[in-house]
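This report concerns only the one structure given below.
Since the model is a prediction, treat every value here as computed from it, not as a measurement.
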Amino acid sequence: MHSTTRDTSNYRRIVIKIGSALLTANGQGLDTEIIQHWVGQIAALHQQGVEIILVSSGAVAEGMVRMQLAQRPDHLPALQACAAIGQMGLVQAWSSALQHHQIQTAQILLTHDDLSDRRRYLNSCDTLRQLLAWRVIPVINENDTVATDEIRFGDNDTLAAVIAAQVQADVLIILTDQQGLFDADPRQHPDAKLLPEVHALDESLFDIAGDGGVLGRGGMLTKVRAARLAAKGGCPTLIASGEQPLVLSRLMQGEMLGTLFNTENDRITARQQWLAAHLQTAGRLVIDAGAVQAIKQNHRSLLPVGVVAVQGHFQRGDVVECIDQTGQRVAVGMVNFSSQSAEKIKGLNLDKVHQVLGEIRSPEMIHRDHMAIY
């Protein structure tokens, strides 16, 4: 017999991501009434001692209204300028609403570059932990003003997942305009059933995740990917409809709303967690089926013999992506050789590697301790 409630008793540190559609009045900028509604629920949890980090969309939509633009700009500088203008209103709206409840807020703007650099990653982690210790609610957004396509998270679902893993949150709550994950697209299949719980690393979830709406950048597919990324840090994810009354309070009380992406025992080390946050990498190693099996099933290091192709230009210590021969990501890790050396030793066994390169520090292309598996 299935349980009618979830055990949320250990949810003491949470990351909440609220999408654009839930904060804006049909694209007409920020809806302060709706924000006050969210703040009421957030303040109630805060008063119960829950540590909260908020990842909020809506800056571009607010910027468009302030500049009286009818359409979202296509030109990148105009889009970034919109984000810069709208960010002022976004953080002001959250700050003033939360101050009514005597809750301090902090603004944090991040790019992928900020978290792919190990030192900056740790610095941001320390800052977040200090803010939580001071009972401050950080309001986080992607720094669209300076982000380029190369350093973008691409959507706040992904950013929220990286933050949740970084601070070792007990749960990531993604609020959207969808009920959760269904076993088929409910827009095309009226009899589709909501899945109350799934395993975050189940590969079949990609097959049933649909595309997104108009306002936000992230559809259900990005949310499944985000849940998977959070799971790498041992953090479960709850995806639920923000249109349901008092949804945050009800989720935290264990009501069976939305879909829970559970993690079981997926928590990985802090270094692997940092590696898993790398969405862009310095290069790629294409690996054969034997290497894929050794990495994914046996958690072995990647040896030169398993590499069939080297792509990109990288140096020793850079983070590179390992893909199989169909292009699927298998792992990311810190490589022990430059791309030039990797090209020379790909496909070779260790005896030949020594003959080609002479004395080497580490024989593995990527050691298993410096690798995050997907």
Just grab all the salt bridge (charged side-chain N to carboxylate O under 4.0 Å, His left out) pairs involving [range], residues at least two apart or on different chains.
range	result
residues 122-136	none
residues 294-304	Glu203-Lys296
residues 188-197	none
residues 246-261	Arg250-Glu255

Residues which pass side-chain contact (heavy atoms from CB on, under 4.5 Å) with [X], listed by chain and number, not counting sequence neighbours:
X	value
Ser9	Asp7
Ser241	Gln179, Glu243, Gln244
Arg316	Asn336, Arg361, Ser362
Pro73	Met64, Leu69, Ala78, Leu79, Cys82

Starting at [atom1] of [X], measure out to [atom2] of [Y] and round the result to the nearest 0.5 Å.
X	Y	atom1	atom2	answer
Arg12	Leu45	CZ	CG	9.0 Å
Leu194	Leu181	CG	CG	8.0 Å
Asp183	Leu205	CG	CG	11.5 Å
Ser339	Lys344	OG	NZ	11.0 Å

So which pairs with a foot in residues 31-40 pass side-chain hydrogen bond (donor to acceptor under 3.5 Å, both in side chains), sequence neighbours left out?
His37-Gln41
Which residue pairs satisfy the side-chain hydrogen bond (donor to acceptor under 3.5 Å, both in side chains) criterion with at least one member in residues 48-60, sequence neighbours excluded?
Arg13-Glu51, Ser56-Trp94, Ser57-Asn156
Ignoring hydrogens and geometry, is there a side-chain-to-backbone donor-acceptor pair from [X] to [Y] under 3.5 Å?
X	Y	answer
Arg66	Gly29	no
Asp318	Gln315	yes
Ser301	Arg368	yes
Asp157	Ala160	no

For residues Ala200 and Ala231, report the shortest heavy-atom separation together with the two atoms involved.
CB-CB, 3.6 Å
For Leu30 and Ala93, the nearest pair of non-hydrogen atoms, with its separation, is CD1-CB, 4.3 Å
With side chains defined as the heavy atoms from C-beta onward, is the minimum distance between [X] and [Y] less than 4.5 Å?
X	Y	value
Asp288	Gln325	yes
Phe261	Ile174	no
Val353	Pro363	no

Who else is in the cluster with Val308 when I, L, V, M, F, W and Y are joined by side-chain contacts under 4.5 Å?
Val286, Ile323
Shared hydrophobic cluster for Val139 and Val50 (ILVMFWY, side-chain gaps under 4.5 Å):
yes
Shared ILVMFWY cluster between Val162 and Ile173, side chains joined below 4.5 angstrom?
no
Arg225 meets the salt bridge (Lys or Arg N to Asp or Glu O under 4.0 Å) criterion, sequence neighbours left out, with none
Walk me through whether Ile163 and Leu110 qualify under side-chain contact (heavy atoms from CB on, under 4.5 Å).
CA-CA 10 Å; Ile163 295 297; Leu110 294 169; 3.6 Å; yes
